[in-house]
Amino acid sequence: MNGSFFFILLVMRITYGTERSFLLFLLMESEGRMKERNRGLSLWLILAFLGCIGGAKGEEIMNLHTEKSMYAPGETAEVLVEDLPSEAALLRLTLRHLESPVLTLEMQAAESLSLRLPETDFTGYLLEMQALDPAGAVMAEAFTAVDVSSSWTKFPRYGYVWDFTPAADASAKIDRMSRYHLNGVQFYDWQYRHHQPVAENLSSWKEWSGRVISGDAVRAYIDAAHEKNMACMAYNMIYAANQTYLTDGSGVKPEWRLVKANGQDFTCDMDAKLGPVGVLQYFNPLNADWQKYIFAQENKVFEAFAFDGWHGDTIGENGLMRTADGGPLGFDENGRPIHLVKNCYTQFLNAAKAAIAPKYLVFNPVGAQGIENVNVSDVDVLYTEFWPWDHDSDGLAYDSYYSLHKAIVNACEQSGGKSLIAAAYVNYRNPKSFFNPAAVRMLDCVAFASGGARIELGNGDRMLSDEYFPTDTKKRMKGELPGQVQRLYDFLVAYENLLRDGQHPVQRKVTLAGVPVSADGKSGTVWTFAKADDQTEIYHFLNLMGTDNGWRDEKQLKKEPELQQNVRTRLYTDRPVQSVWLASPDGASIAPMQLPFTTGQDGEGDYLEFVQPSLAYWNMVFLR
């Protein structure tokens, strides 16, 4: 057996992670490429591989997680071990910050243990564990990530809940969400009415569509989330009233409303067959009386329930508007009249934050229309729902990976370092019962590599494919996808200090031997871009070989990227480099791997060169 085949074994183990995928590779190899006389050798390799994974006692599958989504500096974490091998005698634990071990210790095997975390704030760690038999041989391995942060707003990981029926198992749902390290939760359509979020009866009420909301269920979610160190955000629109406002005595005045430039009322038919409750009327965000009214309503929310903040929503930009009496909506800082709702956002959000402080404020400029105004406002966390028919300020449609990348990078720059949460629904309203893993994984990779996050997970272990969150029962993750997404979120936490902690884009030339590259995410290329901070240069490699650059995948036809192996990589940089590290969420382990490299110089400048053993979806290379 030659050395190259052993190398392939190693690469496939790193790339595919699961034994099932590795076995499929070997069987295909024996059927398609190896001669008949070597099929016995292939079977021997399979058995040997299983033996090396499982150790002397056979293969074991062990899982590791912490009991909270996020920890305060110096807090003690309870680490929980699932499927611990029965014959394990010791546990070897390593806490790693990026490439550096912070602590390594051994202890008696147990299904739970306490770990005092470091005092450094806003830091991500990789926690690795090995189960050892009495002879010291490794029986099983597992990993998770730990976020040590005093606030969720620096590295937000946003989820959602919507099932507030009395039968909802809030504790179980929140526990499942914490496995993905979600540290913020949007409570979607929990409120009684948009203009009266708090019902008179706090025990039970019906929201606008008629769904029964249990007050105890809302409280149970809040309590369970707080136990996991998750922030709880109360959803409500910033400028809407159900048309019941005309008769319910709430005090909302028709003269505060928005009117389109052609004189038509600005309303939305959510479900008109329900009557006035199914129609929304929109109001001028800069009307002082409306602001006083809606801010008071949101503060009533905080008096009635232990929410941590307000998640404000809109329905996007709908053209020129005027007030009910025909005037402009307000005036900007230069005294110019405002006729677009998106140009109200900065003033409104700054006033809202002041009115609800110290509660958090999150806001959704739907379609990213007016995102530039939100980015410079006082919101605590940036959030945008993207639609492919909308365009950015340069005219680029939000239908490609690059367009979302650009929005995330610009948001960070304009806001002074905030990380944008993208609401972008893959496999949108496709009737298939399960998600296409290629679409889910690639969009996560793009969002995370760009310095952002996504809202996609919630209601336990559900995933969004629609802007109306209760439809998440129509489509599920299946097979290996939940584990793959879990690994992506572990990666997001473990490397948060390289992904979205003050890094800025830098222009660097990158070449891959025999592989086309692009700087803007073209289909059929490896998309590369670089960022840097004071200590590190970070290069991202997103594999679009054999697949396309559209993120929605409405027809669920997106293909997995074509695996790239032994990728000879040349980076042109004038930064002194002592070591090169590669980390990826695609394989069995997300721990960083040090790569040998050489340096040189050509007509393009100084470069360093190394080989990436494999590239499936996303590799991150960082230089020290």
Side-chain angles (χ1 to χ4, degrees), residues 65 67-69 80 82 157-194 196-236 242 270-271 273-274 277-278 300-311 313 423 425 429 431 433-435 455-478 481-482 485-486:
H65 65 94
E67 95 284 16
K68 294 183 180 181
S69 300
L80 306 174
E82 295 179 349
R157 298 175 297 278
Y158 211 23
Y160 66 91
V161 291
W162 62 262
D163 179 10
F164 306 108
T165 58
D169 191 341
S171 180
K173 288 177 182 287
I174 292 295
D175 182 70
R176 292 306 307 165
M177 293 163 62
S178 75
R179 306 292 181 94
Y180 296 95
H181 314 289
L182 303 179
N183 56 9
V185 183
Q186 179 186 153
F187 283 59
Y188 180 84
D189 268 8
W190 69 278
Q191 74 276 37
Y192 171 62
R193 298 289 182 266
H194 285 85
Q196 293 176 307
V198 179
E200 292 184 6
N201 181 357
L202 294 181
S203 297
S204 180
W205 61 92
K206 289 184 179 180
E207 49 93 81
W208 70 270
S209 70
R211 290 189 306 122
V212 174
I213 308 295
S214 164
D216 285 342
V218 173
R219 296 182 191 92
Y221 277 113
I222 293 173
D223 291 344
H226 283 165
E227 288 179 1
K228 303 290 186 182
N229 282 349
M230 297 176 177
C232 298
M233 304 297 293
Y235 171 91
N236 198 26
N242 301 81
M270 297 189 297
D271 193 347
K273 70 176 181 289
L274 297 176
V277 73
K300 286 182 180 179
V301 169
F302 304 133
E303 293 171 3
F305 298 94
F307 282 114
D308 300 295
W310 177 13
H311 178 103
D313 197 14
Y425 312 112
R429 295 188 178 176
S433 299
F434 300 100
F435 284 92
I455 183 168
E456 58 178 333
L457 299 166
N459 190 28
D461 57 358
R462 296 286 182 166
M463 178 173 279
L464 292 175
S465 66
D466 193 313
E467 73 274 22
Y468 185 56
F469 292 5
T471 62
D472 70 358
T473 57
K474 296 180 180 180
K475 191 182 289 286
R476 296 293 302 267
M477 295 186 286
K478 73 171 181 177
L481 182 57
V485 173
Q486 172 74 67

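Count residues from 1 along the sequence. Side chains included, hydrogens not; waters and symmetry mates left out as well; all remaining heavy atoms used.
Taking the side chain as every heavy atom from C-beta outward, L481 and F434 never approach each other to under 4.5 Å.
Remark: A172 pairs with D169 by the side chain to side chain contact (heavy atoms under 4.5 Å, CB included) rule, at least two apart or across chains. Residues passing the ring-ring contact (aromatic ring centres under 6.0 Å, His included) test with Y192: none are found, sequence neighbours excluded. Every residue meeting the side chain to side chain contact (heavy atoms under 4.5 Å, CB included) condition with A170, not counting sequence neighbours, appears here in chain and number order: A220, Y221. Take W190 and apply the ring-ring contact (aromatic ring centres under 6.0 Å, His included) test, not counting sequence neighbours, and it matches F305, F307. Remark: Y158 pairs with H311 by the side-chain hydrogen bond (donor to acceptor under 3.5 Å, both in side chains) rule, at least two apart or across chains. Every salt bridge (Lys or Arg N to Asp or Glu O under 4.0 Å) that E82 has, sequence neighbours left out, goes to R179. With sequence neighbours excluded, no residue forms a ring-ring contact (aromatic ring centres under 6.0 Å, His included) with F435. Under the rule for a salt bridge (Lys or Arg N to Asp or Glu O under 4.0 Å), the partners of D461 that lie at least two apart in sequence or sit in another chain are R476. Residues that satisfy the side-chain hydrogen bond (donor to acceptor under 3.5 Å, both in side chains) test with Q196, not counting sequence neighbours, are absent from this structure. Applying the salt bridge (Lys or Arg N to Asp or Glu O under 4.0 Å) rule to R462 yields no partners; only residues at least two apart in sequence or on another chain are considered.
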Please table the atom pairs, donor to acceptor, closer than 3.5 Å between any side-chain atom in residues 463-470 and protein atoms at least two apart or in another chain.
{"residue": "D466", "atom": "OD1", "partner": "Y468", "partner atom": "N", "Å": "2.9"}
{"residue": "D466", "atom": "OD2", "partner": "R429", "partner atom": "NE", "Å": "2.9"}
{"residue": "E467", "atom": "OE1", "partner": "Y428", "partner atom": "OH", "Å": "2.7"}
{"residue": "E467", "atom": "OE2", "partner": "Y428", "partner atom": "OH", "Å": "3.3"}
{"residue": "E467", "atom": "OE2", "partner": "R429", "partner atom": "NH2", "Å": "3.1"}

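One distance of note links CG of N459 with CE of M177; it measures 8.0 Å at 0.5 Å rounding. Considering CG of D216 and OG1 of T165, their distance stands at 12.0 Å, rounded to 0.5 Å. From W162, atom CH2 reaches atom OG1 of T471 across 9.0 Å, with rounding to the nearest 0.5 Å. Separation of atoms CD1 (I174) and NE2 (H226) is listed at 10.0 Å; rounding is to 0.5 Å. Here CE of M477 is found 7.5 Å from CD of E456. Values are rounded to the nearest 0.5 Å. Here the CE-CG distance, from M233 to D308, works out to 7.5 Å after rounding to the nearest 0.5 Å.
Annotation for V277 and M270: closest pair O-CE, 3.9 Å, computed over non-hydrogen atoms. When all heavy atoms of V212 and S204 are compared, the closest pair comes out as CG1-OG, 3.8 Å. Across all non-hydrogen atoms, the minimal contact from C232 to F187 is CB-CE1, 3.6 Å. Summarising the geometry of V301 relative to A234, their closest heavy-atom pair is CG1-CB, 4.0 Å, with the distance given to 0.1 Å. Nearest heavy atom pair, residue L182 against residue L457, reads CD1-O, 3.8 Å. The minimum heavy-atom distance linking I455 with Q186 is given by the pair CD1-NE2, 3.5 Å.
The closest donor-acceptor contact from the side chain of W310 to the backbone of N236 lies under 3.5 Å. Counting only distance, with no hydrogens or angles, the side chain of N183 and the backbone of S69 share no donor-acceptor pair below 3.5 Å.
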Applying side chain to side chain contact (heavy atoms under 4.5 Å, CB included), run through D313 and H194 and close with a yes or a no. CA-CA 10 Å; D313 197 14; H194 285 85; over 6 Å; no

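Each salt bridge (Lys or Arg N to Asp or Glu O under 4.0 Å) pair with one or both residues in residues 221-236, not counting sequence neighbours, appears once here: D175-K228.
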